[in-house]
Amino acid sequence: MKKSFIWIGTVIGAAAFLALLFGVMERRANTMRTISVVGECLTTAPRDKTAITLRVTTLAPTTVASMQAATELASQITQELKQMPVQMQTTQFNSYEKTEWNREEQKSVVLGIETTIAIEVSGNNIEVIEGVLNKFAGATNVYTEDLRTYTSPEVLQPIMDKCLGVAVQNARARADALATGDGMRVGRMVSVTYGTNSDDVARPTNMLMRSKVAAAGVAMDTGGTIVTKDTDVSVSVSAVFEIK
């Protein structure tokens with residue numbers, strides 16, 4: 001009887017060992033071999049927008065008076081801009097106590113409450129924004145700043161998407177080349193991460209030059225014609241492919 005138990009135990013132990021051995025072999029057989037590569041795409045996108053910021057600044061003894069004066073002036077500007085082919089949005093509305101250092105008294109004195117309203121104005125060409133510059137040049141309590149050219153999101157996004165596809169193709173081509181060198185072939189893509197970059201906003205070195213050539217991203221060719229520089233776009237992907 002005792003020998004029977006020993007024999008049965010031996011059989012069970014052997015079966016467990018074999019099951020474990022086959023399990024290890026199966027896991028090894030099913031272990032996926034992969035290759036990691038990087039793919040890139042470089043392209044350009046046209047800068048289809050030019051923008052400038054109009055900043056309204058008013059100073060008054062009280063917060064209410066300062067805000068009212070700034071709001072009325074901004075409303076007047078908005079009404080005039082509506083007559084022009086531009087898009088606009090308010091990007092800043094602040095009221096704060098303005099102080100100044102008095103050298104004679106050697107202390108900070110309150111000048112009043114200053115309110116600032118910033119309106120971003122954009123157009124489809126440089127001439128439109130040049131018209132905005134000329135219209136509000138020298139206006140009391142109105143300042144122009146942050147002249148720039150950029151690529152609008154609706155133009156930039158499809159170009160980015162297409163470039164992403166090119167970057168993935170570039171990554172697969174690199175994986176194919178590496179795998180072929182080892183006598184293998186590339187299978188499905190297991191995972192991918194990507195990053196994008198674009199210099200889609202450009203600003204002039206001299207901020208408020210009232211000239212078509214002043215906007216960054218704009219240059220003159222040898223014939224004197226205005227040429228708008230494109231936005232540089234880059235996409236990089238890190239992809240992992242199965243190899244067989």
Would you name the heavy atoms of [X] and [Y] that are closest together and state the gap between them?
X	Y	value
Val109	Glu105	CG1-OE1, 4.1 Å
Ser66	Thr115	OG-OG1, 2.7 Å
Leu156	Ser198	CD2-OG, 3.9 Å
Ile117	Ala74	CD1-CB, 4.0 Å

#### Entry: Short side-chain donor-acceptor distance under 3.5 Å, Glu72 and Gln76
no
### Task
Could you check Thr53 against Tyr143 for side-chain contact (heavy atoms from CB on, under 4.5 Å), going step by step and ending with a plain yes or no?
CA-CA 8 Å; Thr53 297; Tyr143 306 90; over 6 Å; no
### Task
Sequence neighbours left out, what pairs pass salt bridge (Lys or Arg N to Asp or Glu O under 4.0 Å) with at least one residue falling in residues 49-62?
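Listed once each, the pairs are Arg55-Glu145.
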### Residues which pass salt bridge (Lys or Arg N to Asp or Glu O under 4.0 Å) with Arg103, listed by chain and number, not counting sequence neighbours
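Partners of Arg103 by the salt bridge (Lys or Arg N to Asp or Glu O under 4.0 Å) criterion come out as none, since no residue qualifies.
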### Message
Run the salt bridge (Lys or Arg N to Asp or Glu O under 4.0 Å) test against Lys135 and tell me which residues pass, sequence neighbours left out.
### Response
Glu80
### Task
Please list, chain by chain and in numerical order, all residues satisfying side-chain hydrogen bond (donor to acceptor under 3.5 Å, both in side chains) with Asp48, sequence neighbours excluded.
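Asp48 satisfies side-chain hydrogen bond (donor to acceptor under 3.5 Å, both in side chains) with Ser152 only.
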### Query
Leu42 and Val166: same hydrophobic cluster, using ILVMFWY side-chain contacts below 4.5 Å?
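No; Val166 is not reachable from Leu42 via cluster members.
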### Task
May I ask you to say whether Arg148 pairs ionically with Glu120, meaning some side-chain N is under 4.0 Å from a carboxylate O?
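Salt bridge between Arg148 and Glu120, a charged N being under 4.0 Å from a carboxylate O: yes.
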### Query
Got a salt bridge between Arg185 and Glu242, using NZ or NE/NH1/NH2 to carboxylate O under 4.0 Å?
no
### Task
Would you give the length of the straight line joining atom CG of Leu147 to atom CD1 of Ile52, rounded to the nearest 0.5 angstrom?
5.0 Å
#### Entry: For Ala65, all residues meeting side-chain contact (heavy atoms from CB on, under 4.5 Å), sequence neighbours excluded
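In terms of side-chain contact (heavy atoms from CB on, under 4.5 Å), with neighbours along the sequence ignored, Ala65 is linked to Ala60, Thr62.
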### Query
side-chain contact (heavy atoms from CB on, under 4.5 Å) with Asp161: which residues, sequence neighbours excluded?
Gln157
